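Please read all numbers here as calculations on a predicted model, not as lab measurements.
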Amino acid sequence: MTPGSELTARPPREAGARIEDVACRDLEQRCRDAVAAGARMQFVYAWYPEGTSAAHATAASDGRPAPHGAPAFDDTQDMEGTQEVEGTPSAELRYIVHTAAGRVPQIWRCRPGAQPVPSLAPIAPLISWHEREVTDLCGLRFKDAPQPGPKVLLPGARAARPPLLPGPAAPLTYVREPYILPEIAGAAPDVQLLPFGPIRAGVVESAHFSFYYIGEGILHYHPQLFFKHRGMEKRFEGLAPALGAVLAERVSGVGSVAHALAYCQALEAAAQCEVPARAAWLRALLAELERLYNHLHYLGHLCHTTTLKVGDAEGHYLEELAKQINCRATGSRLLRSLVCPGGLRREPRLETVAEPLARLREEFEGYAAMLETSTTHLDRLITTGVLGKQLAFDQGATGPVERASGVDRDPRRDQPYGAYGELPLRVAVRDGCDARARQQVRIAEIANSIELIEHVLAGLPEGSSRVDCRPAPRSEGLGWAESPRGSVYYAVHLDAQGRLARVKVKSPSFSNWRVFAHTVHGSNMMDYAINEASFGLTIAGCDR
């Protein structure tokens with residue numbers, strides 16, 4: 001047994017997330033108290049409980065200003081907090097707070113009305129990007145926000161009304177606007193600027209990065225994401241709940257199971273639906289199959305950046321073997337179209353899994369040993385992309401990234417869902433805080449995923465794999481899952497007709513892209529590609 005991968009006792013399960021009303025004036029103190037007690041502010045989102053109305057549909061068509069005066073809609077206003085606009089629905093804020101290991105998240109419900117909403121980013125820095133997303137997409141502004149500018153809407157983008165206001169989507173318009181970069185205080189004359197992207201080599205996703213550097217040393221790094229924002233949260237609006245699982249699988253293709261699982265668990269919480277034990281175990285099997293191929297792809301790509309060609313080729317060869325297991329068992333290399341509200345649409349063909357999985361385990365063990373003894377490979381990883389433990393926690397790192405920085409957190413153990421309370425989970429934690437530690441965590445997780453899959457195959461309960469799941473109109477639920485890249489959360493609200501009124505998606509890459517920039521400042525250009533690969537980021541998961 002490797003250090004940091006021991007089996008740990010699981011806390012007892014609790015009922016669904018508890019909702020507590022918190023006044024705007026009390027938010028800052030509640031946040032300070034929670035952070036002081038070791039809690040983590042997971043995210044914040046806004047929604048409109050009143051739903052779609054003819055009044056705000058008219059407001060969109062006659063050109064009246066968007067509610068709450070967000071800069072992306074009317075930058076002539078100088079406002080703090082919120083402002084009610086006649087004919088538009090009132091927004092409601094939801095803060096998701098993870099208080100302690102073993103407890104389900106708390107939900108703080110805040111109805112600001114005309115009151116100013118204080119920014120909690122000075123107290124919990126990780127909430128900054130989430131507040132800026134709320135401003136861009138829902139129109140609320142936060143008082144004294146340390147970074148008040150747009151985040152999701154690119155420079156020059158304007159909308160007649162907030163994009164997530166219920167009802168028909170308003171088209172975005174663009175005006176040519178200079179791309180303003182931060183100034184480097186006291187920068188020497190020989191500081192150079194390298195703009196890179198948004199078109200990058202091969203099939204790498206679109207993003208624009210600006211590097212300020214001297215020689216090979218990077219002084220400052222400024223990423224601009226969201227070129228491929230697809231408005232996925234808006235696309236859920238008005239759908240029947242069962243169809244939402246199909247859409248959730250497509251938020252991030254390489255996280256199809258985790259997204260569908262978090263979404264379905266949110267619906268099941270809304271319906272107070274208990275999934276059969278057999279379905280819960282099979283869902284865990286699918287989630288670990290997804291973790292397997294993702295981590296193997298990660299290791300191959302990491303070898304590519306360090307120019308370890310044999311490791312690159314073998315990693316992608318093992319990834320292909322894992323995807324072939326997926327395809328034979330489910331008909332989908334990405335494990336789609338199985339997870340649904342109430343359980344599974346159909347069961348995988350389990351008889352196809354055990355033998356190829358055993359061969360994969362044997363080949364992987366040799367591959368992992370090679371990676372951990374290749375000195376030229378390790379030389380490029382050690383001390384690259386250092387992310388300290390406190391920084392990882394404060395800035396909201398999640399998944400293997402945070403566990404490689406010594407933060408011992410995993411929702412499968414700490415907020416147990418599905419069958420994970422009954423499976424032999426080993427949480428891999430390392431304190432190296434660098435690219436090598438991130439590789440080690442994923443190697444350990446691959447070994448544990450194989451063990452978990454074998455455990456499910458050996459002890460799968462009998463019985464049904466699906467029950468009827470029909471959440472009542474105006475119900476809501478929160479669901480979560482640990483994807484290969486970290487925690488995925490879905491908050492689901494249903495309208496009076498029982499259709500989806502609001503679906504909030506919190507994806508791991510949204511969190512880890514925020515953290516990543518902190519490891520680039522002060523590093524060097526030659527290590528950048530290695531550092532980015534070691535985080536295992538996806539832009540689709542971030543942009544949504």
Parallel, tilted or perpendicular, judged at 30° and 60°: which one describes the rings of [X] and [Y]?
| X | Y | value |
| --- | --- | --- |
| His229 | Phe226 | tilted |
| Tyr490 | Phe236 | perpendicular |
| Trp281 | His455 | parallel |
| Phe516 | Trp513 | perpendicular |

Show the numbers, then the answer: is there a salt bridge (Lys or Arg N to Asp or Glu O under 4.0 Å) between Arg499 and Glu237? CA-CA 8 Å; Arg499 292 186 171 272; Glu237 187 181 305; over 6 Å; no
Side chains of [X] and [Y], heavy atoms from C-beta outward: is any pair under 4.5 Å?
| X | Y | value |
| --- | --- | --- |
| Phe535 | Arg438 | yes |
| Pro241 | Leu494 | yes |
| Pro163 | Glu233 | no |
| Cys542 | Leu537 | no |
| Pro484 | His295 | yes |
| Leu321 | Pro356 | no |
| Tyr298 | Ser534 | yes |
| Gln440 | Glu372 | yes |

Where the side chain of [X] meets the backbone of [Y], is there a donor-acceptor pair that is under 3.5 Å apart?
| X | Y | value |
| --- | --- | --- |
| Arg283 | Gly343 | yes |
| Glu92 | Trp47 | no |
| Asp431 | Ala437 | no |
| Asp495 | Gly238 | no |
| Ser487 | Glu482 | no |
| Thr330 | Leu335 | no |
| Arg40 | Phe393 | yes |
| Arg111 | Asp21 | no |
| Trp480 | Gln415 | yes |
| Arg132 | Val152 | no |

May I ask you to check whether over 12 heavy atoms, not counting those of [X], lie within 6.0 Å of atom [atom1]?
| X | atom1 | answer |
| --- | --- | --- |
| Gln272 | CD | no |
| Lys389 | NZ | no |
| His316 | NE2 | yes |
| Arg328 | CZ | yes |
| Glu462 | CD | no |
| Arg235 | CZ | no |
| Arg109 | CZ | yes |

Once you round to the nearest 0.5 Å, how far does [atom1] of [X] lie from [atom2] of [Y]?
| X | Y | atom1 | atom2 | value |
| --- | --- | --- | --- | --- |
| Ile453 | Leu350 | CD1 | CG | 11.0 Å |
| Trp129 | Asp136 | CH2 | CG | 12.0 Å |
| Leu292 | Arg442 | CG | CZ | 14.0 Å |
| Arg18 | Trp108 | CZ | CH2 | 10.5 Å |
| Leu334 | Asn326 | CG | CG | 8.0 Å |
| Leu27 | Leu93 | CG | CG | 8.0 Å |

Determine whether the side chains of [X] and [Y] contain a donor N or O and an acceptor N or O closer than 3.5 Å.
| X | Y | value |
| --- | --- | --- |
| Arg485 | Ser509 | no |
| Tyr489 | Gln42 | yes |
| Ser256 | Glu249 | no |

Nearest non-hydrogen partners of [X] and [Y], listed with the distance:
| X | Y | result |
| --- | --- | --- |
| Pro125 | Gln395 | CB-NE2, 3.6 Å |
| Pro112 | Leu140 | CG-CD2, 4.1 Å |
| Ala23 | Cys110 | C-SG, 4.4 Å |
| Tyr95 | Leu120 | CE2-CD1, 3.6 Å |
| Glu290 | Gly255 | OE2-C, 3.3 Å |
| Gly311 | Cys303 | C-CB, 3.5 Å |

With side chain to side chain contact (heavy atoms under 4.5 Å, CB included) as the criterion, how do Ser206 and Ile539 come out once you've worked through the C-alpha distance, each side chain's angles and the decisive distance to 0.1 Å? CA-CA 7 Å; Ser206 299; Ile539 290 176; 5.9 Å; no
Taking it one step at a time, do Arg230 and Asp543 satisfy side chain to side chain contact (heavy atoms under 4.5 Å, CB included)? CA-CA 7 Å; Arg230 293 159 289 154; Asp543 289 7; 5.6 Å; no
Side chain to side chain contact (heavy atoms under 4.5 Å, CB included) assessment of Arg345 paired with Leu338: CA-CA 5 Å; Arg345 288 189 176 89; Leu338 271 78; 5.7 Å; no
Could Arg409 and Glu402 be called an ion pair, given the rule that one side-chain N must be under 4.0 Å from one carboxylate O? yes
Member of Lys506, Glu133, Lys504 meeting the side-chain contact (heavy atoms from CB on, under 4.5 Å) criterion with Tyr45: Lys504
Applying the side-chain contact (heavy atoms from CB on, under 4.5 Å) criterion to Tyr263, which one of Val488, Val251, Val492 satisfies it? Val492
Does the salt bridge (Lys or Arg N to Asp or Glu O under 4.0 Å) test come out yes or no for Arg94 and Glu476, once each step is laid out? CA-CA 12 Å; Arg94 296 293 183 96; Glu476 64 179 83; 2.6 Å; yes
Test Lys323 against Glu320 for salt bridge (Lys or Arg N to Asp or Glu O under 4.0 Å), laying out the working first. CA-CA 5 Å; Lys323 285 182 174 177; Glu320 175 61 24; over 6 Å; no
Given Arg361, which partner from the list Glu454, Glu451, Glu355 fulfils the salt bridge (charged side-chain N to carboxylate O under 4.0 Å, His left out) test? Glu454
